[in-house]
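What you are looking at is a predicted structure, and each value in this text was computed from that prediction instead of being measured.
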Amino acid sequence: GKLLEKWGFPAALQEAVRFHHQPRRATRFPVEAAAIHIADVMAHGLGWGKSGQPHVPEFAPDAWEALGIPAASLPLIVEEATRQLDAAQNLIPVAA
């Protein structure tokens, strides 16, 4: 969050990044923080990237509530996110 502030990113993005591990602490942009939190936990659980943590953290229940997305939608969200990640990765050629 501090780096985004230094670089002049919008306040909503600064707060969302700063509090994505504790979205309930976001005061001005709780929905954005909740979205980043859900995306972060989901990416960690799917093995996308390296967080440095050995275990997948739990979703904050209030993050689901803030987004208004039923937790039962998670399988569809994962399916769509996987499809979009695959499409994005195909846009970038990998050097052999």
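Residues P57 and H44 form a side-chain contact, since some pair of their non-hydrogen atoms from C-beta on lies under 4.5 Å apart. Between M42 and L74 the shortest side-chain heavy-atom distance falls below 4.5 Å. The side-chain heavy atoms of L3 and V17, taken from C-beta on, include no pair separated by under 4.5 Å.
Annotation: ring-ring contact (aromatic ring centres under 6.0 Å, His included) contacts of F29 (sequence neighbours excluded): none. Checked against salt bridge (charged side-chain N to carboxylate O under 4.0 Å, His left out), R28 has no partners two or more places apart in sequence or in another chain.
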Quick one, E80 with R83, criterion salt bridge (charged side-chain N to carboxylate O under 4.0 Å, His left out). Give me CA distance, side-chain angles, the key distance, then yes/no.
CA-CA 5 Å; E80 181 59 26; R83 214 177 358 260; 2.8 Å; yes
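For the side-chain contact (heavy atoms from CB on, under 4.5 Å) with P23, the qualifying choice from E32, E15, H37 is H37, the only one to do so.
Annotation: the span from L76 atom CG to I69 atom CD1 amounts to 11.5 Å, rounded to 0.5 Å. Rounded to the nearest 0.5 angstrom, I38 CD1 and W64 CH2 are separated by 4.5 Å.
Closest approach of L67 to V31, counting heavy atoms only: CD2-O, 3.6 Å. For the residue pair A33 and F19, the shortest heavy atom distance occurs at CB-O, 4.4 Å.
Between the side chain of D40 and the backbone N or O of I36 there is no donor-acceptor pair closer than 3.5 Å.
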